[in-house]
Amino acid sequence: MSIVVTGATGHLGKHVVEGLLEKVPADQVTAVVRDEAKAADLAARGVRIAVADYDAPETLDGVFSAGDKVLLISSSAVGKDRVAQHKAVLDAARAAGVALLAYTSAPGSLTAALADDHRATEAAVLESGVPYTLLRNGWYNENYTENLAPVLEHGAVVQAAGEGRISTASRADYAAAAVAVLTGEGHENATYELGGDTAFDFTEYAAAVSRASGKEIVYNAVPAETYKGILTGAGVPEPFAAILAGVDESIAKGELLITSGDLSRLAGRPTTPITESIEAALKG
Ligand SMILES: NC(=O)c1ccc[n+]([C@@H]2O[C@H](COP(=O)([O-])OP(=O)(O)OC[C@H]3O[C@@H](n4cnc5c(N)ncnc54)[C@H](OP(=O)(O)O)[C@@H]3O)[C@@H](O)[C@H]2O)c1
């Protein structure tokens, strides 16, 4: 019996594995990775490593065992058939008889196209009969704070989110919630709407970057089409730019404002304010 984390060498996965290692012995943790070399440090610490690819279902044979608790971290391959990728993991988990499958989904309020794969995966999870936990993760602070270079260069935060408010949290916060579910009891067939304790709009975000950087930064609210054009002009592939513009339209409608309190409740501590992540990013 193990706690199994897919996407374990990704940004979120790394936080989850570190959080697990603070709570359970390393030999009770399995990291599912595509590239074993990226997990050498984990292997050295006693974590079991399983090499598998969502695109090759046969590689998932033997990864899971009866009684395992599994965290399926959603695939980053937006534009590919992510639902098929997730179903391959779900099928292998069901066949093995796992005790729980937790899935990193998107907020139930999100209508943007990006949510389609998550809704379809959730439906497959429910249909499978496998005990599940839906971790409907809101947006990461890092989606913004890892992209400060153009903001500082142009003195502007450019988004198509109007005056919409968004409640983000750090990846570490979402990871802490996942760790609580994987190591705790009573999360079977629960759905959590996860987001930050505090919300901001992009005028406030620009002001926060201004304060932290000492540079004048304004919020330049543009229409979704204009934003898409700016992104493609900067080299973002058109389909992905359309997805990001769609997310901003959802933010404008308040769809990424999460008020459930589930995240800080599960993590057992307040979430990380955006200001803290801005300061951390500027320190580099
Ligand atoms: N809530 C948000 O704001 C937000 C933002 C961005 C993404 N997301 C979603 O949340 C997930 C986790 O976020 P993150 O920041 O940790 O993303 P990330 O760093 O890109 O990690 C994605 C993980 O998925 C793994 N992966 C991708 N394709 C795979 C495949 N075919 N087979 C097996 N593993 C595969 C990657 O493996 P490698 O380590 O080998 O590359 C990586 O470990 C993302 O994948 C995405 O679905 C959410």
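Order of appearance sets the numbers: ligands from 1, and atoms from 1 within every ligand. Computed from heavy atoms alone, side chains included, the values below leave out hydrogens, waters and symmetry copies.
Within the structure, ligand 1 has Ser75 among the residues with a heavy atom less than 4.0 angstrom away. The closest approach between Gly138 and ligand 1 falls below 4.0 Å for a heavy atom of the residue. For the pair Arg82 and ligand 1, a heavy-atom separation below 4.0 Å is found. Within the structure, ligand 1 has Asp55 among the residues with a heavy atom less than 4.0 angstrom away.
Legend: residues meeting ring pair (Phe, Tyr, Trp, His ring centres under 6.0 Å) with His187, ordered by chain and number and at least two apart, are Tyr192.
The proximity of Ser74 to ligand 1, defined as any non-hydrogen pair under 4.0 Å, involves the side chain as well as the backbone. The backbone and the side chain of Thr9 each have at least one atom closer than 4.0 Å to an atom of ligand 1 (non-hydrogen atoms only). In Ile73, the part holding a heavy atom less than 4.0 Å from any atom of ligand 1 is the side chain.
Here's the thing with Trp139: none of its N/O atoms is less than 3.5 angstrom from an N/O atom of ligand 1.
Legend: ring-ring contact (aromatic ring centres under 6.0 Å, His included) pairs involving residues 110-143, not counting sequence neighbours, sorted by first then second residue: Tyr103-His118, Tyr140-Tyr174.
Residues Lys69 and Leu182 come closest through the heavy atom pair CD-O, 3.2 Å.
Counted by atom type alone, Asn137 and Thr104 present zero donor-acceptor pairs between their side chains at under 3.5 Å. Using modelled atom types, one finds a donor on one side chain and an acceptor on the other under 3.5 Å when comparing Ser170 with Thr272.
Counting atoms of ligand 1 from 1 in the listed order, those under 4.0 Å from a heavy atom of Gln85 are 31 (N).
For atom 21 (O) of ligand 1, the nearest protein heavy atom lies under 4.0 Å away.
Looking at Glu127 and Arg94, no side-chain N of the basic residue comes within less than 4.0 Å of a carboxylate O on the acidic one, giving no salt bridge.
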